[in-house]
Amino acid sequence: QVQLVESGGGLVQAGGSLRLSCVASGRTFSNYVMGWFRQAPGKEREFVAAVRRNSYSTYSSDSVKGRFTISRDNAKNTVYLQMNSLKPEDTAVYYCAASSAVILGTQEYDYDYWGQGTQVTVSS
């Protein structure tokens, strides 16, 4: 089992920044691809970004490319999502997820473990 705990969400004005963190425990963190997803009210959960085990490769959705950056620190068992130039449409609950697969998955079914989520609200 892998336990994931997100933090760093909050209320921010449009154009502002937030950094989300997700701390993992339970198994060897570096063995997992890590991803971030989000779910806005009334919408399905969607992929945001993912990072490989060794941090050498990342992938982001088109909607956040150039604004959000995913990174990880395997020594701290932590994955981050730096969010800049936030927009009201980024408002959602953000979830951290861990995948034992090799690929950089973009679908929910690619991931084995999930955190409880952290709320991000961007005001206009």
Legend entry - Least distance between heavy atoms, Tyr111 atom then Ala50 atom: OH-CB, 3.5 Å

Legend entry - Inter-residue atom distance Gln3.CD - Asn77.CG, 0.5 Å rounding: 11.5 Å

Inset, instruction - Mark yes or no for whether Asn74, through its side chain, and Arg53, through its backbone, hold a donor-acceptor pair below 3.5 Å. - result: yes

Legend entry - Glu6 side-chain N/O to Gln116 backbone N/O, donor-acceptor pair under 3.5 Å: yes

Inset, instruction - For Lys65, look at atom NZ and say whether over 12 heavy atoms of other residues, nucleotides or ligands are found less than 6.0 Å away. - result: yes

Legend entry - Lys NZ or Arg CZ of Arg27 over Tyr113 ring: under 6.0 Å, within 45°: no

Inset, instruction - Mind listing the closest non-hydrogen atom pair of Ala49 and Leu81 along with its distance? - result: CB-CD1, 4.3 Å

Inset, instruction - For Tyr32 and Thr28, work out which heavy atoms get closest and say how close. - result: CD1-O, 3.3 Å

Legend entry - Considering all heavy atoms, the nearest Val51-Arg72 contact: O-NH1, 3.6 Å

Inset, instruction - Identify whether Phe37 and Leu104 are in the same connected component of the hydrophobic contact network (ILVMFWY, side-chain heavy atoms under 4.5 Å). - result: yes

Inset, instruction - Find out if a path of hydrophobic residues (ILVMFWY) with successive side-chain heavy-atom gaps under 4.5 Å connects Tyr80 to Met83. - result: no

Legend entry - Closest heavy-atom pair and its distance - Thr106, Phe47: O-CB, 3.2 Å

Inset, instruction - Look up atom OG in Ser57 and atom CD1 in Ile103, then write down how far apart they are to the nearest 0.5 Å. - result: 12.0 Å

Under 3.5 Å donor-acceptor pairs involving side-chain atoms of residues 7-26, not counting sequence neighbours:
residue: Ser17; atom: OG; partner: Asn84; partner atom: OD1; Å: 2.9

Inset, instruction - Establish whether Leu4 and Val48 are linked, either directly or via other cluster members, by ILVMFWY side-chain heavy-atom contacts under 4.5 Å. - result: yes

Legend entry - Phe29 to Val79 - nearest heavy-atom pair and separation: CZ-N, 4.0 Å

Taking only distance into account, with no hydrogens and no angle test, what donor-acceptor pairs under 3.5 Å do side-chain atoms of residues 90-99 form with protein atoms, sequence neighbours excluded?
residue: Asp90; atom: OD1; partner: Arg38; partner atom: NH1; Å: 2.9
residue: Asp90; atom: OD1; partner: Arg67; partner atom: NH2; Å: 3.0
residue: Asp90; atom: OD2; partner: Arg67; partner atom: NH1; Å: 2.7
residue: Asp90; atom: OD2; partner: Arg67; partner atom: NH2; Å: 3.4
residue: Asp90; atom: OD2; partner: Lys87; partner atom: N; Å: 2.8
residue: Thr91; atom: OG1; partner: Pro88; partner atom: O; Å: 2.9
residue: Thr91; atom: OG1; partner: Val122; partner atom: N; Å: 2.9
residue: Thr91; atom: OG1; partner: Val122; partner atom: O; Å: 3.4
residue: Tyr94; atom: OH; partner: Arg38; partner atom: NH1; Å: 3.0
residue: Tyr94; atom: OH; partner: Asp90; partner atom: O; Å: 2.6
residue: Ser99; atom: OG; partner: Ala101; partner atom: N; Å: 3.1
residue: Ser99; atom: OG; partner: Asp110; partner atom: O; Å: 2.7

